[in-house]
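To start, the structure under review is shown below, and the notes come after it.
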Amino acid sequence: HCVLLGVCRYMATLWMDSKSSSEPWYIGVQTAIIDRHLLSIKPPSIVARVPRSLIERKFWKAHEWQHWLLYYSLPVLKGILPQRYHSHWALLIEGISILLGSELNAELINHAHDALVYFVGGVQSLYGKEHMTFNVHSLLHLSKSVVHWGPLWAHSAFMFEDFNGYLLKQVKSSQAVPQQICKQVALSRAFPCLAKQFLTNASAEFKDFCNEMRQGNQHVKKYKKLTEVTALGPPNVRLISLGDQAALHTVREVPTNSVVSYYKRIAVNGGVVHGHTYSKIKQRNNS
């Protein structure tokens, strides 16, 4: 609420709102060019939302502002936002990126704090004292929050709001809503203990059935679990190409004229990777 729906949204409004048309940082007349760059970006599926036009920014969710801050804004605004304002914006990105890290130490936290201090000071010197909002001031306290509570992702509002969505799905009727939620949450928490107690000697088919009950409907009906990856969808079985055989040479020897299975998608490390020939997804690039 401080950084994304606060400072990020406020700065974008400053740059693009016609009220700032006489200011040196105003770039609203170039919104169409910025949009063209922004909408040409095809993020991987691990990014929750694809880019939306800046014209619709008042409807953007916090995750969209997060993607704008961390991934899109610097390259999209390069050459459009005047250099001193672009460099100043980069200070916020640097500080927040560090505080979102999974491994932090005192040196990194101090570096992030310095970047945020320079950013806050720059808001007053570049934009004016009237733009020193409460959210801008609050940036000075983020590093202390990280010292006390861990990385920003560990205590942001995201996890709580995401869980509200889970709780909402447990409600099946308008009657006795609290009891429904409590019952479903209790069942969900009890399932691992029950599984450990009763599924130890169960058949593989029965274990798969129970896992499907927990995970819900699978988006991919046909898949094959391999050692480190899961192949998704039906394979294309054919002779290995000479180019692929040469590429695999550094991993293992594959005889010429081997019959192999080609897959267009695989799941690895919690993400999905597509081959270049997979064309069903237009707005993303997982290749």
Side-chain angles (χ1 to χ4, degrees), residues 1-6 8-9 42-53 56-70 100 102 149-226 229-234 263-274 278 280-284 286:
H1 291 93
C2 168
V3 179
L4 306 175
L5 296 175
C8 280
R9 184 162 60 182
K42 295 182 178 181
S45 295
I46 197 170
V47 176
R49 297 172 182 268
V50 295
R52 271 203 290 178
S53 169
E56 301 177 26
R57 64 184 180 275
K58 66 179 180 180
F59 303 112
W60 281 15
K61 303 294 186 182
H63 268 120
E64 292 174 281
W65 286 113
Q66 183 180 33
H67 302 155
W68 167 257
L69 173 72
L70 299 177
L100 282 168
S102 56
W149 300 99
L152 293 180
W153 53 263
H155 59 276
S156 77
F158 275 123
M159 66 181 76
F160 301 101
E161 294 188 2
D162 286 346
F163 198 71
N164 284 340
Y166 167 80
L167 293 178
L168 190 63
K169 291 177 182 177
Q170 311 312 311
V171 180
K172 308 301 180 184
S173 72
S174 59
Q175 302 297 316
V177 170
Q179 290 87 338
Q180 290 181 61
I181 293 175
C182 290
K183 181 179 178 181
Q184 293 298 328
V185 171
L187 284 171
S188 176
R189 292 180 66 121
F191 195 96
C193 297
L194 293 171
K196 187 176 181 180
Q197 182 178 353
F198 295 107
L199 295 183
T200 305
N201 299 319
S203 65
E205 291 80 6
F206 192 73
K207 289 180 180 179
D208 288 341
F209 172 74
C210 290
N211 285 331
E212 287 177 13
M213 285 180 62
R214 291 187 66 193
Q215 297 170 5
N217 295 328
Q218 296 289 333
H219 293 293
V220 180
K221 293 184 178 180
K222 190 173 183 63
Y223 59 91
K224 183 177 182 180
K225 291 185 178 180
L226 305 172
V229 302
T230 300
L232 307 175
Y263 291 88
K264 293 184 178 180
R265 293 178 296 159
I266 61 168
V268 56
N269 294 332
V272 177
V273 181
H274 293 169
Y278 188 75
K280 288 187 178 181
I281 296 181
K282 304 294 183 183
Q283 292 183 289
R284 298 184 178 277
N286 296 313

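Note: hydrogens, waters and symmetry copies are ignored here, and every other heavy atom, side chains too, is used.
- Taking each heavy atom of Leu232 and Tyr263 in turn, the nearest pair found is O-CD2, 3.9 Å.
- Rounded to the nearest 0.5 angstrom, Leu4 CG and Leu69 CG are separated by 6.5 Å.
- Just one residue in the list Arg49, Arg57, Arg9, Glu56 forms a side-chain contact (heavy atoms from CB on, under 4.5 Å) with Glu64, and that residue is Arg49.
- The structure places NZ of Lys280 at 8.0 Å from NZ of Lys264, a figure rounded to the nearest 0.5 Å.
- His67 is listed as a side-chain neighbour of Val47, based on a closest heavy-atom distance under 4.5 Å.
- To the nearest 0.5 Å, atom OG of residue Ser156 and atom CH2 of residue Trp149 are 14.0 Å apart.
- Taking all atoms of both residues into account, the shortest heavy-atom contact from Val272 to Asn286 is O-CB, 3.5 Å.
- For Leu226 against Ala231, the heavy-atom pair with the smallest separation is CD1-CB, 4.4 Å.
- Two residues are said to be in side-chain contact when any heavy atoms from C-beta on lie closer than 4.5 Å; Leu70 and Leu100 meet this criterion.
- The aromatic rings of His274 and Tyr278 are tilted relative to each other, their planes meeting at an angle between 30° and 60°.
- Between Arg265 and Val273 there is no side-chain heavy-atom pair separated by less than 4.5 Å.
- Other residues, nucleotides and ligands contribute only 12 or fewer heavy atoms inside 6.0 Å of the CD1 atom of Ile46.
- Between Phe158 and His63, the two ring planes are parallel [angle under 30°; tilted spans 30° to 60°].
- Counting only heavy atoms from C-beta outward, the side chains of Pro51 and Pro43 approach each other to under 4.5 Å.
- Atom CG of residue Leu167 and atom CD of residue Gln180 lie 12.0 Å apart, to the nearest 0.5 angstrom.
- Heavy atoms only, all atoms of each residue included: Trp153 and Met159 are closest at O-CE, 3.2 Å.
- In this structure, Trp60 contributes its side chain and Ser53 its backbone to a donor-acceptor pair below 3.5 Å.
- Of the possible donor and acceptor atoms, none in the side chain of Gln170 sits under 3.5 Å from a partner among the backbone N and O of Val185.
- Atom CG of Asp162 sits in a crowded spot, with more than 12 heavy atoms from other residues, nucleotides or ligands closer than 6.0 Å.
- The number of heavy-atom neighbours closer than 6.0 Å to CZ of Phe206, taken from other residues, nucleotides and ligands shown, is 12 or below.
- The main-chain N or O of Pro44 is found under 3.5 Å from a side-chain atom of Arg284 such that the two form a donor-acceptor pair.
- You'll find the ring centres of Phe160 and Phe163 outside the 6.0 Å limit.
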